[in-house]
Amino acid sequence: MNEQTKDDLEKLENPFEDEEIARQWINSVENEKGMIRDNDIYPKLENWTKTFKPKVILDIGSGQGICADHVQSGEVRYLGVEPSPVLVERAKELYTKENRDFMVGNAYALPIAAGSVDMAFSVNVWFHLDDLDTPSKELSRVLERGGKFLIITANPKTYDLWRSMYFDATEDKKKIDGKVNVPINPMSRNIFYKHTLEEIEAQLTGNGLVISGEEEFGSVFPFRDRPVFICITGHKK
Ligand SMILES: C[S@@+](CC[C@H](N)C(=O)[O-])C[C@H]1O[C@@H](n2cnc3c(N)ncnc32)[C@H](O)[C@@H]1O
């Protein structure tokens with residue numbers, strides 16, 4: 001990597017917007033088989049959408065698009081919003097289907113009309129965000145009254161395990177910034193914010209959202225008794 005590219009990467013608030021890092025993420029997700037995503041995350045998404053039978057479902061931070069196949073069936077319309085153009089392009093390449101749109105956009109200013117979705121979810125995005133107030137406000141804005149939400153994020157009780165995946169990393173208050181080992185390959189830069197559960201909850205409930213469930217789940221060898229994710233569900237008042 002030349003100096004110019006390295007400087008540009010270090011300035012990015014969301015490293016996934018760097019092309020090389022987006023490709024590292026694509027390689028990891030697409031080669032992760034029979035692990036925590038297949039065993040824990042996708043079944044949770046499938047059960048949740050089957051229970052509520054939405055009409056329009058929004059995926060905030062949709063990455064390379066894989067979650068679309070785990071939430072959309074029948075006539076459901078799926079909208080994926082993702083800031084990295086490389087990941088959006090990959091999503092279109094692999095997962096284009098009827099009633100499905102992948103678009104470049106950001107959780108801080110969703111390109112979605114107010115009250116236009118009846119279900120919204122976000123998987124492993126919340127811990128990448130510094131400010132949780134604006135995305136929570138945006139989530140609330142796009143949901144119709146009574147619309148459901150689901151957020152899967154890092155379980156604050158296991159931040160020590162998440163921290164141990166980072167190397168060559170700096171830590172400043174709640175921010176970890178450095179290289180990280182994701183299941184299949186390392187990523188050259190990633191940012192993680194150690195928000196407390198109370199902070200996450202307060203931003204959701206302070207923005208017109210009601211939390212109805214919190215479930216810790218998913219474990220990594222050898223820490224079988226330490227769920228690394230938390231799934232927060234609820235609805236808009
Ligand atoms: C670990 S990946 C998860 C991708 C996808 N949700 C999945 O589970 O396959 C984190 C994603 O969060 C996205 N992200 C980071 N900051 C974001 C923001 N401000 N708004 C929306 N997405 C963001 C990244 O671009 C990246 O695609």
Side-chain angles (χ1 to χ4, degrees), residues 9 11-33 35-46 48-49 57-72 78-92 94-95 102-112 120-139 141-142 149-154 162 165-166 175-177 179-193 195 203 217-218 228-232:
L9 172 58
K11 279 190 217 125
L12 278 177
E13 179 47 33
N14 173 17
F16 289 87
E17 288 172 49
D18 173 79
E19 178 168 352
E20 189 180 330
I21 291 185
R23 299 218 179 278
Q24 291 166 355
W25 174 246
I26 289 170
N27 189 58
S28 183
V29 176
E30 292 176 14
N31 289 295
E32 183 183 331
K33 307 272 184 251
M35 295 166 76
I36 202 160
R37 296 180 68 94
D38 285 341
N39 296 337
D40 299 289
I41 293 182
Y42 302 143
K44 197 156 284 301
L45 291 177
E46 286 159 14
W48 182 65
T49 36
I57 185 159
L58 170 66
D59 182 356
I60 302 172
S62 45
Q64 56 68 265
I66 194 165
C67 293
D69 273 356
H70 297 279
V71 294
Q72 193 189 24
Y78 165 96
L79 306 167
V81 172
E82 163 57 46
S84 156
V86 172
L87 294 180
V88 170
E89 190 187 321
R90 184 64 174 161
K92 289 181 177 169
L94 292 183
Y95 299 109
F102 295 104
M103 60 197 99
V104 175
N106 202 294
Y108 293 123
L110 292 168
I112 303 288
F121 73 98
S122 193
V123 176
N124 292 346
V125 176
W126 245 232
F127 57 74
H128 291 306
L129 306 176
D130 183 8
D131 158 25
L132 292 184
D133 178 42
T134 314
S136 303
K137 213 175 246 118
E138 280 294 272
L139 169 61
R141 180 184 66 79
V142 301
F149 72 87
L150 174 151
I151 292 169
I152 291 177
T153 189
W162 289 83
M165 300 192 312
Y166 280 75
K175 180 178 182 182
I176 306 168
D177 186 337
K179 299 188 171 78
V180 67
N181 283 314
V182 284
I184 304 301
N185 52 259
M187 289 178 67
S188 329
R189 186 171 169 232
N190 216 250
I191 296 179
F192 187 104
Y193 290 95
H195 301 293
Q203 298 303 346
F217 74 104
V228 289
F229 295 121
I230 186 160
C231 176
I232 305 174

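One-based numbering, in listed order, for ligands and for the atoms of each.
Taking the six-membered ring for Trp and thresholds of 30 and 60 degrees, His70 and Tyr42 have nearly parallel ring planes, at less than 30 degrees apart. Using a 30° and 60° split on the angle between ring planes, Phe102 and Tyr95 fall in the tilted class, from 30° to 60°.
Checked against a 3.5 angstrom limit, the closest N/O atoms of Val125 and ligand 1 fall outside it. Considering both main-chain and side-chain atoms, Val81 never comes within under 3.5 Å of ligand 1 through any nitrogen or oxygen pair. In terms of N/O distances under 3.5 Å, ligand 1 is approached by Asn14. Polar contact with ligand 1: absent for Trp25 (N/O pair, distance under 3.5 Å). Ligand 1 has an N or O atom lying under 3.5 Å from an N or O atom of Ala107, backbone or side chain. At a 3.5 angstrom cut-off on N or O pairs, Asn106 counts as close to ligand 1. The shortest N/O to N/O separation between Gln64 and ligand 1 does not fall below 3.5 Å.
Using a distance-only test at 3.5 Å, with no hydrogens or angles considered, a donor-acceptor pair links the side chain of Gln24 to the main chain of Ser188. Arg189 places a side-chain N or O within 3.5 Å of a backbone atom of Leu12 that can act as its donor or acceptor partner. Judged by distance alone, with hydrogens and angles left aside, the side-chain atoms of Glu32 form a donor-acceptor pair with the main-chain N or O of Arg37 at under 3.5 Å. At least one donor-acceptor pair closer than 3.5 Å links the side chain of Thr49 to the backbone N or O of Leu45.
Every atom of ligand 1 is numbered from 1 in the order shown, and the set under 4.0 Å from a heavy atom of Glu82 is 13 (C), 24 (C), 25 (O), 26 (C), 27 (O). Remark: ligand 1 atoms within the under-4.0 Å shell around heavy atoms of Leu87 are 27 (O). Ligand 1 places these atoms under 4.0 Å from at least one heavy atom of Leu129: 16 (N), 17 (C), 18 (C), 19 (N). Annotation for ligand 1: atoms under 4.0 Å from non-hydrogen atoms of Tyr108 are 19 (N). Within the listing of ligand 1, atoms 1 (C), 10 (C) sit less than 4.0 angstrom from a heavy atom of His128.
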Between Tyr108 and Asp131, does a side chain to side chain donor-acceptor pair (under 3.5 Å) hold up when you go through it step by step? CA-CA 9 Å; Tyr108 293 123; Asp131 158 25; 5.3 Å; no
Show your working on side chain to side chain donor-acceptor pair (under 3.5 Å) between Tyr78 and Asp59 and close with a plain yes or no. CA-CA 8 Å; Tyr78 165 96; Asp59 182 356; 2.7 Å; yes
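Atom 23 (C) of ligand 1 has Pro83 CG, 3.5 Å as its closest protein atom, hydrogens excluded (heavy atom only). Given atom 9 (O) of ligand 1, the protein heavy atom at minimum distance is Arg37 NH2, 2.6 Å. Of the protein's heavy atoms, Gly61 O, 3.3 Å lies nearest to atom 5 (C) of ligand 1.
Counting heavy atoms closer than 4.0 Å to ligand 1, residue Ile60 contributes nothing at all.
In the candidate list Val123, Asn124, Ile191, Asn124 is nearest to atom 10 (C) of ligand 1, counting heavy atoms.
The heavy-atom pair separating Asn190 from Pro15 by the smallest distance is CA-CG, 4.1 Å.
Heavy atoms of Ser84 stay at 4.0 angstrom or farther from ligand 1.
Ion pairing between Arg141 and Glu138 holds under the 4.0 Å rule for side-chain N and carboxylate O. Contact check on Lys137 versus Asp133 returns a salt bridge, with a Lys/Arg side-chain nitrogen under 4.0 Å from an Asp/Glu carboxylate oxygen.
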